[in-house]
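Worksheet for the structure shown next.
Because only heavy atoms are used, hydrogens play no part in the values below, and waters and symmetry mates are left out as well, while side chains stay in.
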Amino acid sequence: MRGKPIVVGGGIEKHSVVAAASTKPKPGGSRTPCRPGRQTALPEVIVVIGDMNKYIHTSKEITRMLVRYTDLIEVFSIDEAFLDVTDTKDRFGGEIAIAKSIKQWIREDFISPATSASGRIN
């Protein structure tokens with residue numbers, strides 16, 4: 001679905017909201033969060049129902065991976081964490097190298113089309 005106008009939320013129910021939107025639907029009026037009637041007003045928008053169990057699983061897997069770099073991790077939300085790599089950064093080539101390594105690992109294990117057959121989250 002890369003490049004298509006996608007919104008993720010709870011559906012089109014009255015009390016649902018858009019939790020995330022690709023950049024394509026945003027110029028047409030879909031913002032996060034917004035009510036579902038607004039996002040579906042754009043006929044080309046694809047509504048994807050969120051899966052909280054997958055989000056929780058993915059968040060836990062990523063957090064487990066982050067301890068490779070430091071045990072000083074503050075989980076802020078399901079999709080945010082702060083790492084204090086002050087004492088470990090030199091072991092991994094610096095802060096930027098750590099950030100790039102984390103980004104690459106997430107892309108390879110959770111986003112890459114090649115991982116879809118393994119059952120991982122895409």
Side-chain angles (χ1 to χ4, degrees):
M1 291 195 257
R2 191 176 306 260
K4 295 184 179 180
I6 301 169
V7 296
V8 178
I12 58 172
E13 294 83 25
K14 183 178 180 180
H15 298 290
S16 177
V17 297
V18 172
S22 64
T23 55
K24 188 154 184 162
K26 288 180 182 180
S30 186
R31 300 283 186 257
T32 57
C34 76
R35 287 189 295 279
R38 184 167 179 173
Q39 89 240 8
T40 56
L42 302 168
E44 70 278 5
V45 169
I46 301 165
V47 179
V48 176
I49 306 301
D51 185 338
M52 189 54 70
N53 289 330
K54 280 186 179 181
Y55 302 150
I56 291 168
H57 171 76
T58 302
S59 180
K60 286 180 179 179
E61 288 294 310
I62 291 171
T63 301
R64 276 195 273 275
M65 187 275 302
L66 296 177
V67 299
R68 295 176 187 174
Y69 300 101
T70 181
D71 60 348
L72 300 173
I73 301 171
E74 180 181 341
V75 177
F76 187 70
S77 69
I78 197 167
D79 64 350
E80 293 179 85
F82 299 98
L83 283 65
D84 182 347
V85 295
T86 304
D87 295 333
T88 60
K89 64 184 176 190
D90 293 338
R91 201 175 326 157
F92 300 101
E95 304 94 327
I96 302 298
I98 290 171
K100 286 180 179 181
S101 176
I102 292 168
K103 187 174 180 178
Q104 179 180 351
W105 181 83
I106 290 171
R107 280 195 172 144
E108 289 173 358
D109 277 29
F110 295 100
I111 300 173
S112 171
T115 61
S116 60
S118 69
R120 292 276 190 161
I121 299 164
N122 293 322

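- Put simply, NZ on Lys89 and CD1 on Ile96 are 10.5 Å apart, with the number rounded to the nearest 0.5 Å.
- For the atom pair Ile73 CD1 and Arg64 CZ, the distance stands at 12.0 Å (nearest 0.5 Å).
- Pairing each heavy atom of Tyr69 with each of Ser101, the nearest pair is OH-OG, 2.5 Å.
- At least one donor-acceptor pair under 3.5 Å links the side chain of Thr63 to the backbone N or O of Ser59.
- Smallest separation of non-hydrogen atoms from Asp87 and Arg91: O-NH2, 4.3 Å.
- Grouping the Ile, Leu, Val, Met, Phe, Trp and Tyr side chains by contacts below 4.5 angstrom, directly or via other members, places Trp105 with Leu66.
- Tested against Leu83, the residues Leu72, Thr70, Thr88, Asp71 include a single side-chain contact (heavy atoms from CB on, under 4.5 Å) partner, Thr70.
- Taking hydrophobic clusters as Ile, Leu, Val, Met, Phe, Trp and Tyr residues chained together by side-chain heavy-atom distances below 4.5 Å, Met52 shares a cluster with Val48.
- The distance from atom CG of Asp51 to atom OG1 of Thr58, rounded to the nearest 0.5 Å, is 9.0 Å.
- With contacts defined as side-chain heavy-atom distances shorter than 4.5 Å, the pair His57/Lys60 does not qualify.
- To the nearest 0.5 angstrom, Lys103 atom NZ is 15.5 Å from Ile98 atom CD1.
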